[in-house]
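Report on the following structure.
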2 protein chains.
Amino acid sequence: MKRIERLSVYRRFLQEIAGSEPGSVYSHELAEKTGVTPAQVRRDLMEIGFAGHTKKGYRSAELVAAIGNYLDSPEGDPVALVGLGNLGRALLPFFAGHHPKLKITAAFDTDPLKTGRVICGCRCYPFDQLEEVIAEENIRVAILTVPAAAAQKAAGRLAAAGVRGILNFAPALIRLPKAVTVETMDITIALEKIAFFARRSGDES
Amino acid sequence: MKRIERLSVYRRFLQEIAGSEPGSVYSHELAEKTGVTPAQVRRDLMEIGFAGHTKKGYRSAELVAAIGNYLDSPEGDPVALVGLGNLGRALLPFFAGHHPKLKITAAFDTDPLKTGRVICGCRCYPFDQLEEVIAEENIRVAILTVPAAAAQKAAGRLAAAGVRGILNFAPALIRLPKAVTVETMDITIALEKIAFFARRSGDES
DNA sequence: GTATTGCTGTGATCGGTTTCACAATTCGCG
DNA sequence: CGCGAATTGTGAAACCGATCACAGCAATAC
Ligand SMILES: NC(=O)c1ccc[n+]([C@@H]2O[C@H](COP(=O)([O-])OP(=O)(O)OC[C@H]3O[C@@H](n4cnc5c(N)ncnc54)[C@H](O)[C@@H]3O)[C@@H](O)[C@H]2O)c1
Ligand SMILES: NC(=O)c1ccc[n+]([C@@H]2O[C@H](COP(=O)([O-])OP(=O)(O)OC[C@H]3O[C@@H](n4cnc5c(N)ncnc54)[C@H](O)[C@@H]3O)[C@@H](O)[C@H]2O)c1
């Protein structure tokens, strides 16, 4: 559902302005800073049961807390990273420390050159130990950055090991039982789409 | 429009099976391999004016050509990459050689340590030369991988320099005239969303 | 104390996308 | 050659998220 993404975006903005005056925001401010309409902000907050105050807007600190309460697992979620290639090794430092609730706590690769080390505080295991480590650390969320040809199989093992949500970067269709959420971010296709629209917009050469 | 993405996906599958038997595909095959419904495949192909043959399906090679004709700029599009950090440096080798129509031909960074070189066949320029190089190479599409705080400004310069489509990885709202297509891939928010749904699915501890 | 302003909460509506459902067509077969 | 099976093309319906529009209310002004 798209609302979940918007809530994350609202929260990010609220955290950026945290502490500053006046401690509350109007739907139209949140909308402006976030690229949506005021009605949609109000609708979203209504849906999570967070009420504002007529003429005073929404209390920022409480709203952050309410969104966190709605979105986050209270203890935070450990995340597995599968595939330590170029992309995986870029993601690792990015998430290290940056996010309060989502931490990559285990990485896996089939290549023995990539495993055994600790990178950015994250242990890198041989791919064989996937099930074991995932059960051990009670991991439910994974990022998949393996080659397309290996993606379905790796995803299947993740799901079988107990993972319930996968962010997949491989350009491949992943089929899993519907109890597992899979989102594929296909960078190539996004770029093709952008090039398509870029070409159509008022073409001047 | 979502159809554009699906067309890219159809094409990718068709290219994977190119050359193999029987030279044509049914809507239900394409649908199956691509994760959509057969009716949607037919509707999409109808929209681009590509007709199949009753009982024989769609001729694969011609369909690839028709999709290419619809989506691609005939000469291909040169792409700029702005921001040579961890993510930018992962994207560079990924696109190098891989895509027939989209090639990263110029990269930019403010950090003098990152510029002056040629990486994966792509020249890396100081950020100052952005306008000059973009005009020179007639670049219309860009990938933006700079820190969030720098994203709006960099995007503005890209647009002013003639770029019409931007794939943005910075977690920031980019505002540009509507003639410029901007798509933000926010990896953090995608992961938060996945963690949310992972938590809700049949929670067993 | 009354009027005015401006914001929230939400039922109603809208618009785009997906899906349904079926007529039309072609093929293989007897 | 006519029948049954299979597939396309597409109007119509269903669906779903976004937007509109306004009633209700709290704060402020006068
Ligand atoms: N690099 C990018 O910028 C980029 C951009 C878009 C999409 N992608 C996609 O992301 C994926 C990874 O890209 P990359 O550039 O990091 O590739 P890469 O080849 O650099 O890395 C792939 C890694 O996966 C490991 N691996 C291979 N098979 C495995 C398996 N079965 N289990 C676990 N690990 C395995 C390899 O050892 C390697 O370390 C690919 O599917 C690619 O298409 C990458
Ligand atoms: N690395 C990741 O895996 C990842 C994941 C999700 C999102 N992102 C986002 O992508 C962006 C880049 O991430 P990163 O990890 O590569 O960061 P990074 O800090 O490694 O790289 C940023 C690069 O941009 C350059 N830069 C800074 N200001 C610039 C400007 N005004 N013009 C041109 N170049 C400039 C810096 O010199 C640096 O090389 C960030 O916005 C980040 O939030 C990164």
Side-chain angles (χ1 to χ4, degrees), chain A residues 1-10 13-14 17 21-64 66-67 70 173 178 181 183-184 189 193 196-197 200, chain B residues 1-10 13-14 17 21-64 66-67 70 173 178 181 183-184 189-190 193 196-197:
Chain A
M1 203 172 338
K2 286 257 194 67
R3 182 177 312 111
I4 304 304
E5 296 179 18
R6 287 194 301 270
L7 288 167
S8 289
V9 174
Y10 302 154
F13 167 69
L14 291 167
I17 62 160
E21 279 318 285
S24 55
V25 279
Y26 299 123
S27 60
H28 64 84
E29 296 178 293
L30 218 32
E32 160 71 15
K33 299 305 188 154
T34 247
V36 302
T37 63
Q40 190 152 51
V41 170
R42 295 200 297 276
R43 173 79 61 187
D44 288 338
L45 301 190
M46 188 186 92
E47 299 281 354
I48 66 167
F50 187 83
H53 304 277
T54 299
K55 285 279 275 178
K56 292 203 295 205
Y58 302 87
R59 304 235 340 206
S60 315
E62 286 165 21
L63 179 50
V64 169
I67 294 175
Y70 186 77
L173 176 63
K178 61 241 145 301
T181 303
E183 174 149 340
T184 294
I189 282 176
K193 186 172 79 172
F196 173 81
F197 287 114
R200 315 246 129 182
Chain B
M1 204 173 334
K2 287 258 194 68
R3 181 176 315 111
I4 304 304
E5 296 179 19
R6 287 194 302 267
L7 287 168
S8 289
V9 174
Y10 302 154
F13 167 68
L14 290 168
I17 62 160
E21 281 318 286
S24 56
V25 278
Y26 300 123
S27 59
H28 64 83
E29 296 177 295
L30 218 31
E32 159 71 14
K33 299 306 186 151
T34 246
V36 304
T37 63
Q40 189 150 54
V41 169
R42 296 200 298 274
R43 173 79 61 187
D44 287 338
L45 301 189
M46 188 186 92
E47 300 280 353
I48 66 166
F50 187 85
H53 304 278
T54 299
K55 281 282 274 179
K56 292 204 296 208
Y58 302 87
R59 303 234 340 203
S60 314
E62 287 165 22
L63 180 50
V64 169
I67 293 175
Y70 185 78
L173 176 63
K178 61 239 145 302
T181 304
E183 174 149 342
T184 295
I189 282 176
K193 185 172 81 171
F196 173 82
F197 287 113

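First the proteins, then the strands, lettered A, B, ... as listed; each starts at 1.
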Practice prompt. Using a cut-off of strictly less than 4.0 Å between a heavy atom of the residue and any atom of DNA chain D, enumerate the qualifying residues of residues 35-44 of chain B by number.
Written response: B:R42, B:R43
Worksheet item: Quick one: does B:L30's side chain get under 4.5 Å of B:V36's, heavy atoms only?
Response: no
Practice prompt. Specify the separation, in whole Å, of atom CZ of B:R3 and atom C1' of C:dT19.
Written response: 14 Å
Practice prompt. Let me know the distance between CD of A:E47 and P of C:dG9, rounded to the nearest Å.
Written response: 12 Å
Worksheet item: Do the non-hydrogen side-chain atoms of A:Y26 and A:E29 ever get within less than 4.5 Å of each other?
Response: yes
Worksheet item: Do you know which two heavy atoms are closest between B:A31 and B:P38, and how far apart they sit?
Response: CB-N, 3.4 Å
Item to complete: Round to a whole Å and report the spacing from CZ of A:F50 to C1' of C:dT8.
Response: 12 Å
Fill in: Length of the NZ-P vector between A:K55 and C:dT8, whole Å
10 Å
Discussion item. Can you give me the closest heavy-atom contact between A:L173 and B:G35, atom names plus distance?
Written reply: CD2-N, 3.5 Å
Item to complete: Write down the distance between CD (A:E29) and P (C:dT8), rounded to a whole number of angstrom.
Response: 9 Å
Worksheet entry | From C:dT18, D:dA26, C:dT10, nucleotide with atom closest to A:M46 side chain | C:dT10
Item to complete: To the nearest Å, give me how far apart CE (B:M1) and C1' (C:dG16) are.
Response: 10 Å
Practice prompt. Measure the distance from NE2 on B:H28 to P on D:dG9 and round it to the nearest whole Å.
Written response: 14 Å
Item to complete: Count the heavy atoms of every other residue, nucleotide or ligand shown that sit under 6.0 Å from CZ of A:R59, and state whether that count exceeds 12.
Response: no
Worksheet, complete the sentence: Between A:T34 and A:F13 the two heavy atoms that sit nearest each other are OG1-CB, 4.5 Å
Practice prompt. Mind calculating the distance between CZ (B:R59) and C1' (C:dT26) to the nearest angstrom?
Written response: 16 Å
Practice prompt. Among C:dT10, C:dC7, C:dT26, find the nucleotide with the atom closest to the side chain of B:T54.
Written response: C:dT26
Item to complete: Indicate yes or no: at least one non-hydrogen side-chain atom of B:Y10 is less than 4.5 angstrom from one of B:D44.
Response: yes
Discussion item. Is there a side-chain contact between B:Y58 and the phosphate of D:dG9, meaning an N or O under 4.0 Å from OP1 or OP2?
Written reply: yes
Worksheet item: Is the phosphate of D:dA27, meaning OP1 or OP2, less than 4.0 Å from a side-chain N or O of A:K56?
Response: yes
